[in-house]
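These notes concern the structure reproduced below.
Throughout, protein chains are lettered first and strands after them, A, B, ... in sequence-line order, and every chain is numbered starting at 1. Values below: all heavy atoms of this structure, side chains included; hydrogens, waters and symmetry mates excluded.
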Number of protein chains: 2
Amino acid sequence: MAQATRTSPAARGGRPTRRARILKAAEAIFAHRPYDEVSVDDIADRAGVAHGLVFHYFGSKRGLYLATLENVLAAGNAQFDANIEPDPLRWLEVTLDILLDGASEEEQLFIMTVRNAGGAEVTEVLTRERQGAADRVLEKLAPTRESPLLRMAIVSWAAYANELVASWLERRSDSRAHIRALLISALNETLKAVAALHKHPGFDPNTFARGSREPS
Amino acid sequence: MAQATRTSPAARGGRPTRRARILKAAEAIFAHRPYDEVSVDDIADRAGVAHGLVFHYFGSKRGLYLATLENVLAAGNAQFDANIEPDPLRWLEVTLDILLDGASEEEQLFIMTVRNAGGAEVTEVLTRERQGAADRVLEKLAPTRESPLLRMAIVSWAAYANELVASWLERRSDSRAHIRALLISALNETLKAVAALHKHPGFDPNTFARGSREPS
């Protein structure tokens with residue numbers, strides 16, 4: 001706190017940089033340490049700023065966590081958007097690689113978010129991200145009509161994916177390739193099951209299936 | 001609060017009954033109204049007790065919510081345990097009927113819990129319940145060895161189930177039969193996908209599949 005009062009008006013001109021530095025430090029720390037074991041002091045120390053400045057920018061540890069999460073998700077979503085792989089299965093594989101790479105890099109942040117360290121705001125973020133994942137899958141699937149069941153099933157698959165990846169990160173008891181394969185199967189089988197329940201599904205349930213191609 | 005001070009020592013002797021009455025009122029209210037829209041006063045009024053007594057027994061609205069949830073889950077788990085259907089698919093259908101009946105009856109409680117109204121404690125409850133669901137499925141599946149991937153996949157299926165049922169309750173845009181069918185498919189396909197990743201799975205991935213029997 002003493003340090004905060006030493007901040008000169010000139011230094012205050014550099015606010016965006018210091019805010020970014022705090023976020024970077026927070027990401028580095030939240031990525032590898034469970035939420036409850038992180039103190040704002042640790043982050044302030046790593047960012048080389050005063051404790052009070054963190055509160056000034058983010059209000060609370062939870063606020064900082066949420067801002068860090070949004071930052072990481074924005075970067076992840078930019079990667080998802082950059083995936084313009086035309087083949088649907090290959091697109092899905094790349095999408096899941098981005099997810100698995102990101103989750104591995106931000107291990108604790110991912111686990112804590114799925115296990116809901118941040119309360120209601122994090123739940124909202126998770127819900128939004130699952131809907132976003134469903135949007136991307138639906139765009140690739142391009143159904144002639146989007147039945148509520150189809151969207152619910154894909155959102156539920158995203159919940160399955162979050163849980164599976166979180167469990168895998170917690171235990172690392174199986175190969176990443178297995179996890180990816182299981183996620184691909186789960187989506188394919190979910191789509192087949194939805195198609196089987198509709199007379200005219202309006203989409204190809206094998207869109208993301210291996211088909212006749214060789215395993216990549 | 002004024003009422004609380006009127007509680008006589010004799011009345012205090014009836015504590016278990018009043019506690020149970022508060023829990024019953026809380027269940028009735030949390031079942032149909034979102035957590036944020038419920039006040040402790042509503043519950044105290046319905047239970048016919050003083051506002052202060054609710055805090056005396058449960059500490060806070062969140063504490064009351066958690067106790068209500070544990071109460072409802074204990075009743076649900078007793079129903080799950082009472083399901084001694086020998087045929088695995090029939091057993092699964094009955095299990096899912098108990099889940100869907102319970103979730104429909106306690107609609108808002110179920111949605112709020114999956115959407116994590118209660119914070120970290122609710123997350124712990126959810127995690128425990130998903131592991132419990134996996135235990136029950138594993139008992140029926142009776143693998144010769146329990147691979148970590150198998151358990152993770154079944155726990156993730158439970159997360160899929162929670163999400164699908166919560167989405168369905170929120171929208172009621174599809175039939176309950178469809179939801180149940182999708183949950184059965186999803187478990188079967190998850191088991192098949194896990195089996196395909198193991199050289200010697202040690203379980204029959206078609207344990208819960210329709211097989212040659214007629215649809216029930």
Looking only at heavy atoms, which of residues 151-170 of chain A get nearer than 4.5 Å to chain B? A:R151, A:M152, A:A153, A:V155, A:S156, A:W157, A:A159, A:Y160, A:E163, A:L164, A:S167, A:W168
Which residues from residues 142-150 of chain A are near chain B, with near meaning under 4.5 Å between non-hydrogen atoms? A:P148, A:L149
Counting only heavy atoms from other residues, nucleotides and ligands, does the tally under 6.0 Å from NZ of B:K24 exceed 12? no
Got a sec, which pairs hit salt bridge (Lys or Arg N to Asp or Glu O under 4.0 Å) with one end in residues 102-112 of chain A, sequence neighbours left out? A:E107-A:R172
Can you check whether A:A74's main-chain N or O pairs, donor with acceptor, with A:N77's side chain at less than 3.5 Å?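 Looks like no, no N/O pair under 3.5 Å.
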Would you check if there is a donor-acceptor pair between the side chains of A:Y65 and A:T113 at a distance under 3.5 Å? yes
Quick one: do the B:N188 and B:S185 side chains pair a donor with an acceptor below 3.5 Å? no
Quick one: NE2 on B:H32 to CD on B:Q108, what's the gap to the nearest 0.5 Å? 9.0 Å
Lys/Arg-Asp/Glu bridge criterion (N-O < 4.0 Å) met for B:D135, B:K140: no
Ranked by heavy-atom pairs below 4.5 Å to chain A, first place among B:T190, B:L126, B:I184 goes to B:T190
In short, B:I98 meets B:Q79 closest at the heavy-atom pair CD1-O, 3.5 Å
Measure from NZ or CZ of A:K61 to the centre of the six-membered ring of A:F55, then state whether that distance is under 6.0 Å and the direction lies within 45° of the axis. no
A:R128: salt bridge (charged side-chain N to carboxylate O under 4.0 Å, His left out) partners, not counting sequence neighbours: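 If we apply the salt bridge (charged side-chain N to carboxylate O under 4.0 Å, His left out) test to A:R128, skipping adjacent residues, the hits are A:E70.
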Contact class of A:T127 relative to chain B, heavy atoms under 4.5 angstrom: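 The answer is the side chain of A:T127.
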